[in-house]
Every structure is written in structure tokens, then in C-alpha cells.
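Since the structure comes first, as C-alpha cells, the remarks are kept for the end.
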Amino acid sequence: MKDPGTRLDADYFRQSPVDCARGLIGGLFEWEGAGGVIVETEAYAATGDAACHTAFRPSAREFLDHHSPGDAYVYLNYGVHWLFNVTVKGAGGDGFVLFRALEPVFGIPAMKRRRGMDVIEGLCSGPGKLTKALGIGESDHGREFLTGSRTGISCGKTDVPVQAGPRVGISRAQGLPWRFCAVDSACLSRP
DNA sequence: GATGCGATTCAC
DNA sequence: TGAATCGCATCA
């Protein structure tokens, strides 16, 4: 990430999924009038990672083939929750970055309304909560959101301590330490 | 067509 | 601890 406030473009997502995921911690994610600091992400690699959708869903591999780095990859999990990813097409390999948690910064009243609760720390403390709080859904799948007038990602503070650990809720490739968190954030999906 | 499986969340 | 709830992949 560069200087605070600098807007990320598609080129950022031309490095490896792991580098993208780690570097996004501390960035500001903006979505249609609401947004917050990215405090938790996970990396998924299109090759060599059994937990990535590309390993068991041909449609995910096809999505990568037909979309550009930085495009949104949104899907319905457990038939209940939409999960938000960013497409990565790096020199070292393609993949996705899953956004798992934000620290709410603005548009908080709208997020509270959509979530039906008032505790700020809990508004975006999980991948399904985050999409509900921001109003992300099916129609955003494939969207080129980095260049939108009301959507995008900008760089935050560069000195955010980041901790790596195993990814959450997966049954395959559990050993890889590809979950990244802002240390001591009160808004993580789990401590 | 039928079946099984999730990168989750919340109530019981 | 289990239900909710459905897209996608696989198999008959």
C-alpha cells in the first residue's frame, strides 16, 4: 500500500493473493455511502489450494478467465449469506481475497439499519455480516468496483501490525496461514 | 431429477 | 448444537 488516501487500482491485484490479502489490512473499503477499515482478510489461490473455489467449482475457474483483477467475486454461502471477494490475477498466480471484517468508519446508521443491531463492533465482524451491513448482494457479482464513484479501496495507515493465522471455517487445506488480521482489532470475526 | 456440500450466522 | 436455505457439481 502507498500513502494514506491513495486510491487502489486494478494493478494492486496483480500480485499474489497472499500479498494482496496481507497488504489490504488497514486499507479503507468504501461501498455506496458506507465503509470502514479492513481488519481481516483471507487469501485463496486458484492453483495448489484445495480450499479455493477453483479447486471444486469449474464456474469459479471460468470467472477468473473472464474477469479482470480487482473485480468483485460475490457468492451465496450456505444459501444464506453473501460473501465478498476481490479477483486477483498476479504474476505468481490467480485467486481471490475474501473480505472477512471491517472496522466501521462512516455510513454507520445505514449499516445499523441493515444489520438490525446497534453495537458498532459487531456490524461487520464477519464475512456475512459485512455484506449485509454494506448492502452487497447478487447484483454485485463481477462488478468492477475499484473505479466506481461510490465504491473502492484506498490506502490507510502503513504501520498497522498484521498477524497471520489459519483460515476460518474451511475443511480442506487448513494448515495454510492465509488469514490476516489487524492485531487487537475489536471488530474481528473471531479473536 | 435427486442428492450432498459448503469461505456463516443466530437462536435455542 | 442445529436450523436456515440455495447455487453448484455430480450422478442416475
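In what follows, chains are A, B, ... by sequence order, proteins preceding strands, each numbered from 1. Excluded from the calculations below are hydrogen atoms, water molecules and symmetry mates; all remaining heavy atoms, backbone and side chain alike, are included.
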Inset, instruction - Using Watson-Crick or G-U wobble pairs with both distances under 3.5 Å, give me DNA chain B in dot-bracket, 5' to 3', with [ ] for crossers and | for pairs to another strand. - result: ||||||.||||.

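Taken residue by residue, residues 121-138 of chain A places heavy atoms nearer than 4.0 Å to DNA chain B at A:G126, A:P127, A:G128, A:K129.
For the pair A:R167 (side chain) and A:A43 (backbone), a donor-acceptor distance under 3.5 Å is present. One N or O on the side chain of A:N85 and one on the backbone of A:Y73 form a donor-acceptor pair closer than 3.5 Å. With hydrogens and angles disregarded, a donor-acceptor distance shorter than 3.5 Å links the side chain of A:H67 to the backbone of A:F63.
Comparing atom distances between the A:N85 side chain and each of C:dA9, C:dA4, B:dA7 picks out B:dA7 as nearest. Comparing B:dT8, C:dC8, B:dC10 by their nearest atom to the side chain of A:N77 picks out B:dT8.
Look at A:S171 and you won't find any side-chain N or O under 4.0 angstrom from OP1 or OP2 of B:dC5.
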Inset, instruction - Report the C-alpha separation of A:E32 and A:R114 in whole Å, then their side-chain angles, then the decisive distance to 0.1 Å, and conclude whether the salt bridge (charged side-chain N to carboxylate O under 4.0 Å, His left out) test is met. - result: CA-CA 13 Å; A:E32 307 289 2; A:R114 283 187 285 251; over 6 Å; no

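Contact check for A:T147 versus A:R7: no side-chain heavy atoms found under the 4.5 Å cut-off. Considering only heavy atoms from C-beta on, A:I153 comes within 4.5 Å of A:L146 through its side chain.
Put simply, OH on A:Y78 is 6 Å from C1' on B:dT8, counting in whole angstrom units. Here the P atom of nucleotide B:dA11 and the CE atom of A:M117 are 10 Å apart, to the nearest Å. Between A:L76 atom CG and B:dT9 atom C1' the separation is 13 Å, expressed in whole Å. Atom CZ of A:R57 is separated from atom P of B:dG6 by 11 Å (rounded to the nearest Å). The distance from atom CD of A:E40 to atom P of B:dT8 is 10 Å, rounded to the nearest whole Å. A:L98 has its CG atom 6 Å from the C1' atom of B:dA7, to the nearest Å. The nearest whole Å value for the distance from the CD atom in A:E62 to the P atom in C:dA9 is 9 Å. Distance CG (A:L188) to P (B:dA7): 20 Å, rounded to an integer number of Å.
Heavy atoms of A:S189 sit nowhere under 4.0 angstrom from any nucleic acid atom. Using a 4.0 Å heavy-atom distance criterion, A:R172 is classed as a sugar-phosphate-only contact. Looking at heavy-atom distances under 4.0 Å, A:R179 makes no contact with the nucleic acid at all. Nucleic acid contact for A:R167: none, since no nucleic acid atom lies under 4.0 Å from a heavy atom of the residue.
The aromatic rings of A:H53 and A:F56 sit perpendicular, their planes meeting at an angle over 60°, well past the 30° parallel limit. Using a 30° and 60° split on the angle between ring planes, A:F84 and A:W31 fall in the perpendicular class, above 60°.
Of the two residues near DNA chain B, A:R115 and A:I170, the one whose nearest nucleotide lies more 5' is A:I170.
Judged by ring centres under 5.5 Å apart and planes tilted less than 30 degrees, A:F56 fails to stack against the six-membered base ring of C:dA9.
C:dG7 and B:dC10 have their C1' atoms separated by 22 Å, given to the nearest Å.
In this model, a donor atom of one side chain and an acceptor atom of the other lie less than 3.5 Å apart for A:D19 and A:S16.
Put simply, CD on A:E103 and CD on A:E121 are 8.5 Å apart, with the number rounded to the nearest 0.5 Å.
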